[in-house]
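In what follows, a single structure is set out as structure tokens and then discussed.
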Amino acid sequence: MAATRERTQHEPHRTRLIGGPGLLLVWLYGVMVVGAVSRSAYQIATEFDRAPLAYSLSAVAGLVYGFITYTLVRGGETARRAALACCAAELVGVLTVGTWTLVEPSAFPDATVWSDYGMGYLFIPVLLPLTAVYWLRRARPGQPPTA
């Protein structure tokens, strides 16, 4: 009992990032992890030579989604900052790849998760980082996440 009490006194309190709408973000990112990773794993294993760039980008998207999901669940200020940076990078990726697929469609013989700004995923890939950045900026230290 004393060891537990001592450990709690030395560990900083982690701000929960998954309260209220944050829980929905975790759920959506989790769904995107499963979708992007399973799709890219299958495509890389069976037809990588057809569109290596597209399939590799989908795999990267899955890893990004996984990292963001992990940081949201972990909580704390360091995790919040990491998730915020990762969501900003994700948004840049979605906008870059989305624009690239519209301007030069021949560069992508097959779609990525971020093609056409995520149209194949109901535009969730472009809406999710925008929502997450907004949520993470509101979940600053000293302010409990609100609905």
Side-chain angles (χ1 to χ4, degrees), residues 4-5 7-48 51-105 107-147:
T4 305
R5 190 175 27 240
R7 193 176 328 129
T8 340
Q9 291 173 353
H10 296 296
E11 292 177 5
H13 174 68
R14 284 193 185 149
T15 303
R16 286 191 48 142
L17 298 174
I18 58 172
L23 186 58
L24 179 60
L25 283 175
V26 168
W27 187 84
L28 287 171
Y29 269 113
V31 168
M32 292 303 292
V33 168
V34 171
V37 169
S38 60
R39 174 185 177 166
S40 63
Y42 173 78
Q43 290 172 322
I44 288 170
T46 61
E47 51 195 17
F48 186 72
L53 178 60
Y55 303 152
S56 297
L57 285 172
S58 289
V60 168
L63 293 174
V64 169
Y65 295 146
F67 180 76
I68 293 171
T69 303
Y70 168 76
T71 57
L72 289 173
V73 169
R74 179 164 169 72
E77 179 58 15
T78 303
R80 186 191 71 79
R81 286 182 188 163
L84 191 56
C86 213
C87 287
E90 173 196 357
L91 182 59
V92 169
V94 172
L95 296 176
T96 301
V97 172
T99 302
W100 191 0
T101 57
L102 293 176
V103 172
E104 187 59 44
F108 294 89
D110 203 356
T112 74
V113 173
W114 294 341
S115 292
D116 302 323
Y117 306 108
M119 186 169 63
Y121 286 81
L122 305 174
F123 296 102
I124 292 172
V126 75
L127 296 173
L128 201 51
L130 289 171
T131 307
V133 166
Y134 174 75
W135 173 251
L136 289 165
R137 289 182 52 80
R138 287 185 50 151
R140 290 191 190 126
Q143 298 176 356
T146 58

Donor-acceptor contact present, side-chain Thr71 to main-chain Ile68, <3.5 Å: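 Yes, Thr71 side chain to Ile68 backbone: donor-acceptor pair under 3.5 Å.
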Which heavy atom in [X] sits nearest to a heavy atom in [Y], and how many Å separate them?
{"X": "Gly35", "Y": "Ser38", "answer": "O-OG, 3.4 Å"}
{"X": "Glu47", "Y": "Asp110", "answer": "OE2-OD2, 4.3 Å"}
{"X": "Gly66", "Y": "Val33", "answer": "N-CG2, 3.2 Å"}

To the nearest 0.5 angstrom, please state how far the [atom1] atom of [X] sits from the [atom2] atom of [Y].
{"X": "Leu136", "Y": "Cys86", "atom1": "CG", "atom2": "SG", "value": "10.5 Å"}
{"X": "Ile44", "Y": "Ser58", "atom1": "CD1", "atom2": "OG", "value": "8.0 Å"}
{"X": "Thr69", "Y": "Phe67", "atom1": "OG1", "atom2": "CZ", "value": "10.5 Å"}
{"X": "Leu57", "Y": "Phe108", "atom1": "CG", "atom2": "CZ", "value": "5.5 Å"}
{"X": "Arg137", "Y": "Arg80", "atom1": "CZ", "atom2": "CZ", "value": "8.5 Å"}

All pairs passing ring pair (Phe, Tyr, Trp, His ring centres under 6.0 Å) where residues 75-96 contributes a residue, at least two apart: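 Of all non-adjacent pairs touching residues 75-96, none passes ring pair (Phe, Tyr, Trp, His ring centres under 6.0 Å).
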Only distances under 3.5 Å count here; give the side-chain donor-acceptor pairs of residues 118-134 to other protein atoms, sequence neighbours excluded, each with its distance to 0.1 Å.
unit_1, atom_1, unit_2, atom_2, d
Tyr121, OH, Arg39, NH1, 3.3
Thr131, OG1, Leu127, O, 2.9
Tyr134, OH, Arg138, NH1, 3.1

Trp100 vs Thr112 side-chain heavy atoms within contact, under 4.5 Å: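 With C-beta onward as the side chain, the pair stays apart.
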Close side-chain approach of Val113 to Met32, heavy-atom, < 4.5 Å: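 Yes, close enough: below the 4.5 Å cut-off.
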Compile the donor-acceptor pairs under 3.5 Å between side chains in residues 88-97 and protein atoms, sequence neighbours left out, one pair per line.
unit_1, atom_1, unit_2, atom_2, d
Glu90, OE1, Tyr29, OH, 2.7
Thr96, OG1, Val92, O, 2.7

Option passing side chain to side chain contact (heavy atoms under 4.5 Å, CB included) with Trp27 (candidates Val31, Leu23, Leu25):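 Going through the options one by one, the only one that passes is Val31.
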Donor-acceptor pair between Tyr117 and Thr99 side chains, under 3.5 angstrom: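 A pair is found: one side chain offers a donor N or O, the other an acceptor, under 3.5 Å apart.
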